[in-house]
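Worksheet: the structure to be examined is printed underneath.
Just follow the structure's listing: the first ligand is 1, and inside any ligand the first atom is 1. Just so it is clear, the model here is predicted, and its values are computed rather than measured.
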Amino acid sequence: MIKERLYGKTLNELIAVTKRIKLPGFAARQLADWLYKKEITTIDEMTNLSKKMREILSVDYEIGLSAPLKVSESKDGTKKYLYSVIGSKFIETAYIPDDDRATICVSSQAGCKMGCIFCMTGKQGFQGNLSSNEILNQFRSLPEFSKLTNMVFMGMGEPLDNITELLKCLEILTSEWGYAWSPTRITFSTVGLKNSIKEFLEKSRCHLAVSLHSPFDEERRTLMPIQRTNTVKDILDIIKEFDFNSQRRVSFEYILFKGLNDTPAHIKELARILNGIKCRINIIRFHRIPGSEFFSPGMEETIRFKEALNAKGILTTVRASRGEDIQAACGLLSTIEQNKSSQ
Ligand code: SF4
């Protein structure tokens with residue numbers, strides 16, 4: 001019999017569990033405490049629940065943690081972990097240490113529906129939404145779990161396409177009964193799904209990163225099919241309704257492609273559309289994927305692009321490239337694994 005997983009349930013869901021199996025009401029808080037504040041892996045370790053209660057709980061439930069299958073380690077300290085989810089699908093999780101920060105980059109879906117043409121995960125197609133258990137397991141089962149200071153939802157999948165599970169994860173991460181993390185330690189990256197972006201901004205205080213990659217409608221459509229129904233204008237109109245002057249930040253991710261989106265016309269248009277929004281642009285160097293027609297410009301051209309935007313009053317940074325030697329492009333490692341297992 002497949003048991004239901006307790007890890008990844010919100011306090012309200014744990015209350016429903018205790019009601020269902022007729023445990024006393026206070027047991028839900030005790031469960032949350034064992035699941036999210038103490039590093040237990042079995043129900044038997046919940047020693048402030050009576051033996052009888054643990055036996056009742058174990059009939060239909062388990063904690064539900066699973067270790068990564070393998071790891072690749074870069075010479076710069078970045079690690080890429082491979083987890084198995086939804087049957088025999090694979091997802092990737094990155095661990096990125098950087099001075100006094102240690103960031104985990106988690107996946108929210110197996111594969112992705114969005115089909116961005118420069119992305120290996122997009123080429124896998126969509127294989128399923130991850131549950132809150134599968135999303136948070138990447139965090140809790142990471143060998144470096146206790147070192148983590150920040151979390152970014154920039155791994156495989158479009159997080160806002162799985163918003164119900166994602167909001168549950170945020171509740172667990174930021175509630176006092178959960179991990180009690182500040183929402184400012186968490187960043188969501190999205191291609192910009194206009195309906196979900198609004199819900200996300202209303203219901204959480206986490207940072208937002210929008211994948212922009214071109215300020216021009218036609219060009220963005222060719223790079224990111226989502227632009228056909230969710231335009232940059234739609235997204236910017238929503239962002240302008242919210243306050244990003246306090247602790248919450250909005251940034252725009254911009255993968256620079258040589259000879260495509262790195263021209264003076266792009267700089268001018270970016271400055272025009274972002275005028276009046278307190279934000280930053282993060283330039284990302286393109287991690288080439290097999291068969292790709294795109295190339296990254298050299299570092300000198302990248303810095304010139306960044307400085308031109310800064311001169312226009314748009315705070316712009318170049319994100320350090322990490323894990324170049326371990327299939328840094330998102331989706332590459334899991335694609336290799338999938339190909340192996342289907343042979
Ligand atoms: S870039 Fe993100 S949204 Fe686009 S296909 Fe890849 S995983 Fe999906």
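For F252, the ring-ring contact (aromatic ring centres under 6.0 Å, His included) criterion is met by no residue, not counting sequence neighbours. Taking the ring-ring contact (aromatic ring centres under 6.0 Å, His included) definition, one finds that F188 meets it with F153, F200, sequence neighbours left out. When the side chain to side chain donor-acceptor pair (under 3.5 Å) test is applied to R54, no partner is found at least two apart in sequence or on another chain.
Looking at heavy atoms from C-beta onward, P183 lies out of side-chain contact with L170 at the 4.5 angstrom threshold.
Of the possible polar contacts, one joining the E13 side chain to the T10 backbone as a donor-acceptor pair under 3.5 Å is found.
For atom 8 (Fe) of ligand 1, the neighbouring protein N/O/S atoms at less than 2.8 Å, given as residue and atom, are C112 SG.
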- Message: Walk me through whether E202 and K198 qualify under salt bridge (Lys or Arg N to Asp or Glu O under 4.0 Å).
- Response: CA-CA 6 Å; E202 280 165 358; K198 203 164 182 165; 5.1 Å; no
